[in-house]
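A, B, ... follow the sequence lines: proteins, then strands. Residue 1 opens every chain.
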Amino acid sequence: MADPTLAVVLAGVIMVALNAYALLGGADFGGGVWDLLASGPRRQRQRDLIAHAIAPIWEANHVWLILAVVLLFTCFPAAFARIAIVLHIPLSLVLVGIVLRGSAFTFRSYDSRRDAVQRRWGAVFSGASIITPLLLGTAVGALATGRVRAPAGSFAAGFIRPWLAPFTIATGVLALALFAFLAAVYLTVEAGDDRELADDFRRRAIGAAIAAMIVAGGTLLVARRGAPMMHAGLTSSRWALPLHAGATLAAVGTLGALALRRFRLARIGAAGFVSLVIWGWAVAQFPLIVPPDLSVLNAAAPATTLRFIALGLVAGAAVLLPSLVYLFRIFKASA
Amino acid sequence: MHDLLAARGQMAMSLGFHIIFAVVGIGMPVLMVLAEWRWRRTGESVYLELARRWARGTAILFAVGAVSGTVLSFELGLLWPRFMAFAGPVIGMPFSLEGFAFFTEAIFLGIYLYGWERVSRRAHLLAGVAVAVSGVASGIFVVMANAWMNTPAGFRMAAGRVVSVDPLAALFNPAAFQQTLHMTLAAFVATGFAVAGIHAALLLRGPATPFHRAALGLALLVGVPAAILQPLSGDISARAVARQQPAKLAALEALFTTTTGAPLTIGGLPDAADGTMRFGLRIPYGLSLLAFHDPAARVAGLDQVPRADWPPVAIVHLAFQAMVGLGTFLALLSLVIAWRTWRRRPIAGSRGLLRAIAIAGPCGFLAIEAGWTVTEVGRQPWIITGILRTRDAVTPMPGIAVPFALFTLLYIGLAAAVVWLLYRQIVRMPAAAPHG
């Protein structure tokens, strides 16, 4: 028998891991977007700053995703199995993107010669940095539609239509826009004393923020038909107003901070905005993990498993959190 | 292509690819730390150069290991969703612990690679130690999960559902000890000899620089003891498999009939169709001795297993022979190296020995690939021995040949890129290391 309280807590931990992945790993993907869009007289300096910011931490940032996946299959095995079956195609493509992004970035970093080969790795890195968030956002959006059901009927009905719809495309673009926004804001801080470079990314951050807000609005519009349950949650439930108020405050605050060159404040605002979008999704479909039928309660593993995993999480966090703090203090303290 | 076969092919290819980089992630940190430690002790700059150069190689290989490991964590579900739905609650524990160990490894590797100028010397060396320890730990956790598939424990079945889950009993399942021991040693053998092989080849080709001599010495320091211990660990494994997985033992020894005082067959081509063995060298009582340490012991043959439940005998037997052959070669070579070192004669002084080490370079990795073939193919047709069949675990999604082809192409490209990059960056880089 499942343990309802513990199941909810562990589902919360999975969301925290996904949130951390979006804020950290997502920003690394966003860095790839700005690598592709690097332009102007400081093009090379922009790329160098991005590489310098990502290099020591991207692998650690990436592990948040693995942690979320492992916790999902341990704590909610039925949900994981359903997602893996129905979303096989987009998730496989996400994996191809993850492989290409990570390896191309490393190959470029360690290929010390600045030549055509290195530029080609750069193109793979930035291309994969765009495709991966699009597909990841699409897969997450598919969950919200309530169409990830046990496959029946034709191949298209079972394995393509659940994730290919206007709403899921919108969530894919939204993920990309949010990650690019995060990266640009973080890079204004990373630029440090280099005012020109900070301004390059300030402009990009403001542009990305406006783009993200437009896409978010558009996503909400298509949600009315594409993900009615999500739409209802986001418009008429009792926490909808505080959520939108918080998100608006964070977005406006970030823009204001960017305008005033208060880049550290902008970084907090941007992270807050993206986190609110993610938790808005989570709360809107709670207690369902895979709507319409698999929930935190009926998909949960036996109580013994949940208890052991909770213990394992405490022990793991005791090692992990101090290590993470140490990592970021070494490489991001001056930033 | 049949979907089940395609799914098995994709899984085998993904595991066979990832295991190389996973092993490097276990072995290389130890080498880097040893080099840095030697530099701190002796002040010889050649060791610092070595630590830095090895770190560059590790960074490239670790990144490929990280992303190909991510692929596997998803593929468990993408290809075998019914296995994961069934086994997730029972063996999620080692996977979660592995997640944390891998996290720690990635964090401290970042600090190690990029922190030379940012942290104290002592903190830097300790970061390397943390990478090495968490690398070994993450390998152990993953192998524990695999051991559970071979010898499932820690749950009961009731009406097709898993009940009474005991995650600790699952974690410490009967095969866990010998499999983790064998694999951890194998990681050190493979990495140690691969690095030694590269530097031995470079010593044969060019002048005997102190750089390559130092590299060879450290690499052998990791590879040789592990290679000498590995046959003992293999003996523990063989005896455990004889008791716990008799069908696998019968397949890997190609023993078709249950025999008292069973002979050991070296080499040979088993024919499962008529249950015969061609061309093998038979050592009387050998198998009974090895499997039970008793020449008269009765060894269960494949006749104890329903014909439909036989693993592919020829593949398993040949892979086992390859693993044992390669392991024996590495162990014997290691004894020669150990003897020469004991007599205080430099390894680099013998061109014959250097040639043998260069040949041994890929042998550890080949043995690992062969060994995983034995344990995975030898478990078929089961994905969880006696509980769940592989064909019942596969995804219902049709057309798996497409992702199989996609990932195969991706990995071929990646492998070519890695080899080319290592060549361009590490081997071809002038050995202008400071002569210390």
When only pairs under 4.5 Å are counted, which of [options] shares the most heavy-atom pairs with chain A?
{"options": "B/M93, B/E105, B/R82, B/E75", "result": "B/M93"}
{"options": "B/A101, B/A59, B/A66", "result": "B/A59"}
{"options": "B/L168, B/L79, B/V90", "result": "B/L168"}
{"options": "B/W80, B/Y112, B/F100", "result": "B/F100"}
{"options": "B/V71, B/I111, B/L113", "result": "B/I111"}
{"options": "B/S73, B/G115, B/P167, B/S134", "result": "B/P167"}

Which bit of [X] is near chain B, if near means a heavy-atom gap under 4.5 Å: side chain, backbone, both or neither?
{"X": "A/L65", "value": "side chain"}
{"X": "A/I57", "value": "neither"}
{"X": "A/V96", "value": "both"}
{"X": "A/F308", "value": "both"}
{"X": "A/L327", "value": "both"}
{"X": "A/L72", "value": "neither"}
{"X": "A/H62", "value": "side chain"}
{"X": "A/V99", "value": "both"}

Mutual orientation of the aromatic rings belonging to A/F73 and B/F95 [parallel < 30°, tilted 30-60°, perpendicular > 60°]: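 Perpendicular.
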Contact part of [X] toward chain A, heavy-atom cut-off under 4.5 Å: side chain, backbone, both or neither?
{"X": "B/V64", "result": "side chain"}
{"X": "B/F108", "result": "side chain"}
{"X": "B/F407", "result": "side chain"}
{"X": "B/V119", "result": "side chain"}

Would you say that [X] contacts [Y] through its side chain, given a criterion of any heavy-atom pair below 4.5 Å between the two side chains?
{"X": "A/I89", "Y": "B/M397", "answer": "yes"}
{"X": "A/L100", "Y": "B/L410", "answer": "yes"}
{"X": "A/H88", "Y": "B/P403", "answer": "yes"}

From [X] [atom1] over to [Y] [atom2], what is the distance, rounded to the nearest 0.5 angstrom?
{"X": "B/L406", "Y": "A/S92", "atom1": "CG", "atom2": "OG", "answer": "7.5 Å"}
{"X": "B/T395", "Y": "A/F159", "atom1": "OG1", "atom2": "CZ", "answer": "6.0 Å"}
{"X": "B/I91", "Y": "A/T305", "atom1": "CD1", "atom2": "OG1", "answer": "11.0 Å"}

Shorter than 4.5 Å, heavy atoms on both sides: which option in A/I66, A/V70, A/L95 has the most such pairs with chain B?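 Sorted descending by pairs with chain B, the first entry is A/L95.
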Considering only heavy atoms and a distance below 4.5 Å, find which of A/F155, A/W58, A/W64 pairs most often with chain B.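 Most heavy-atom pairs within the cutoff with chain B belong to A/W64.
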